[in-house]
Amino acid sequence: MTNSMSNVKMVSEIIENSYKVLKKEVISQYQVSFEVNKDDVHSILTLLKTSGWIQLSYLSAIDWPEENEFELVYIVFNWDKAVHIQIRTRLNRENPVMNSILPIFPGCKYYERETHEFFGIKFPGNPGHEKQLILEEWDDIPPLRKDFDPRAYSDRKFVKREYSNDFVNLNGEKSKQIAREERKEKIIKVRKGGRK
Amino acid sequence: MLSTKFTKLSKEEVDRKWWEIGDFFRRNSLWMLMYCTGCCAIELPPAMTSAYDMERLGMGPMATPRQADVLLVTGYLSLKTLRRLIYTYEQMSEPKYVVGIGSCTINGGIYHDSHAVINQLNRYVPVDVYVAGCMPNTEAVMNGFVDLMGLIKTKKANGWKDYHARNEWYMANQKAALGEVKVHDEFHE
Ligand code: SF4
């Protein structure tokens with residue numbers, strides 16, 4: 001049995017020996033992140049899958065508008081060694097395309113669909129990735145891009161409720177509080193037989 | 001002296017009396033379809049179980065829209081859910097009532113500026129009772145049900161009639177928000 005820190009070391013050795021790592025970050029003893037070149041992602045994920053990281057637990061993207069880039073994050077998970085590995089890579093924001101990892105992790109099917117829907121990244125190789133998944137009939141730019149303004153969209157699309165006063169009593173009823181107190185008084189009065 | 005002679009009632013009178021009888025039984029035995037969309041749904045378990053026990057009001061949960069009287073909408077509705085909610089609402093048999101729980105159904109609540117969540121439920125389906133609060137406490141929820149019973153008794157719970165009367169308006173609102181109400185996904189095609 002190995003302990004977790006040496007697990008991280010072992011992972012780093014596996015990856016750094018054969019691939020160029022642009023940035024490495026050890027987040028905790030259970031999590032480590034590697035930023036790699038776009039072209040290496042598939043072979044790294046294949047390597048990790050054969051070394052025990054058999055589950056893709058998440059795939060999503062981050063928008064970096066200042067750098068004009070999208071960052072894709074793949075998180076893989078091992079059931080025997082307690083290390084989550086994040087593989088990150090950067091894509092051009094103008095024409096974001098990343099080959100699908102469907103042959104490696106079939107479970108990426110819906111993650112890629114989701115990422116396409118929320119960021120507009122294309123995944124050739126995943127047949128249905130352009131179908132709608134969560135947002136149905138979406139009619140604007142992908143909503144998790146930083147240049148999308150949710151408030152403007154909401155103002156345009158959903159009518160806001162207008163309030164003329166802070167508080168409106170629609171049917172002119174007396175307040176429940178007053179009614180309750182009156183009822184209580186009445187009960188006490190009846191209980192005492194009308195006496196004070 | 002009062003006449004004992006039988007006077008024939010007009011059809012409207014008879015209908016009205018039958019409706020009153022029907023309403024009496026309906027309001028004392030309400031079956032709810034819980035459309036638990038948002039976090040407000042967490043108030044329903046205490047309302048249903050021994051803590052507040054809504055069965056003493058004659059209310060119970062129902063699994064299918066076709067046999068339910070009340071549609072409970074608990075919290076925010078995304079566009080995707082709204083589409084299914086309209087399907088569900090239209091499947092319910094009449095008379096049907098809608099209770100909107102939480103400020104999300106009233107004015108969008110804390111999601112008022114979200115791209116995914118509608119702001120006013122009563123633009124898309126008619127709502128009879130709103131329970132305000134984020135989330136409303138269980139007493140308020142129970143109070144909302146009692147209010148609904150009162151409204152049925154005084155014949156004010158007329159949302160479903162309104163849905164017929166102003167159907168175009170509701171349809172237009174649904175269209176404006178959803179594009180098309182029909183569901184297009186893997187499971188419906
Ligand atoms: S009103 Fe508040 S508690 Fe209820 S669904 Fe909305 S955010 Fe959640």
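Letters A, B, ... mirror the listed sequences (proteins, then strands); counts begin at 1.
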Chemist: What's the verdict on side chain to side chain contact (heavy atoms under 4.5 Å, CB included) for A/V159 and B/Q120, showing C-alpha distance, side-chain angles and the deciding distance?
Modeler: CA-CA 7 Å; A/V159 182; B/Q120 292 180 54; 4.1 Å; yes

Chemist: Give me the atom names and distance for the closest heavy-atom approach of A/F158 to B/A177.
Modeler: CE2-CB, 4.4 Å

Chemist: Would B/L85 and B/M171 show up in the same hydrophobic cluster when neighbours are defined by side-chain heavy atoms closer than 4.5 Å?
Modeler: no

Chemist: Consider only side-chain heavy atoms of I, L, V, M, F, W and Y, link residues closer than 4.5 Å, and tell whether A/V97 and A/I62 are in one cluster.
Modeler: no

Chemist: Before giving the answer on side chain to side chain contact (heavy atoms under 4.5 Å, CB included), spell out for B/H115 and A/R151 the whole-Å C-alpha distance, their side-chain angles and the decisive distance to 0.1 Å.
Modeler: CA-CA 7 Å; B/H115 65 268; A/R151 171 168 298 220; over 6 Å; no

Chemist: Taking only Lys NZ, Arg NE, NH1 and NH2, and the carboxylate oxygens of Asp or Glu, determine whether A/K176 and B/D147 approach each other closer than 4.0 Å.
Modeler: yes

Chemist: From A/D155 CG over to B/N119 CG, what is the distance, rounded to the nearest 0.5 angstrom?
Modeler: 8.0 Å

Chemist: Tell me, for B/N143 versus chain A, whether the close heavy atoms (under 4.5 Å) come from the side chain, the backbone, both or neither.
Modeler: side chain

Chemist: Applying the 4.5 Å side-chain criterion to the ILVMFWY set and letting contacts propagate, would A/L102 and A/L133 be lumped into a single cluster?
Modeler: no

Chemist: Do other residues, nucleotides or ligands put more than 12 heavy atoms under 6.0 Å from the CZ atom of B/R16?
Modeler: yes

Chemist: Does atom CZ (B/R56) have a neighbourhood of more than 12 heavy atoms from anything else shown, all under 6.0 Å?
Modeler: yes

Chemist: Is chain A contacted by the side chain of B/Y124, its backbone, both, or neither, given a heavy-atom distance below 4.5 Å?
Modeler: side chain

Chemist: Could you give the distance from OH (A/Y153) to CG (B/D113), rounded to the nearest 0.5 Å?
Modeler: 14.0 Å

Chemist: Show your working on side chain to side chain contact (heavy atoms under 4.5 Å, CB included) between B/I118 and A/K157 and close with a plain yes or no.
Modeler: CA-CA 9 Å; B/I118 60 160; A/K157 197 142 180 202; over 6 Å; no

Chemist: Would you find more than 12 non-hydrogen atoms of other residues, nucleotides or ligands less than 6.0 Å from B/K153 atom NZ?
Modeler: no

Chemist: Do the charged groups of B/R84 and A/E136 touch, with an N to O distance under 4.0 Å?
Modeler: yes

Chemist: Name the region of B/L178, side chain, backbone, both or neither, that has any atom closer than 4.5 Å to a heavy atom of chain A.
Modeler: backbone

Chemist: Please name the pair of heavy atoms, one in B/Y130 and one in A/R161, separated by the smallest distance, quoted to 0.1 Å.
Modeler: OH-NH2, 3.4 Å

Chemist: Under 4.5 Å between side-chain heavy atoms, hopping through other hydrophobics if needed: is there a path connecting B/L151 to B/F145?
Modeler: yes

Chemist: Against A/E137, only a single residue in B/K80, B/K182, B/E180 fulfils side-chain contact (heavy atoms from CB on, under 4.5 Å); can you say which?
Modeler: B/E180

Chemist: Has the side chain of B/S114 got a donor or acceptor atom that lies under 3.5 Å from a matching backbone atom of A/P150?
Modeler: no

Chemist: Same hydrophobic cluster for B/M48 and B/W31, using side-chain heavy-atom links shorter than 4.5 Å among ILVMFWY?
Modeler: no

Chemist: Heavy-atom count around A/W138 CH2 within 6.0 Å, excluding the residue itself: above 12?
Modeler: yes

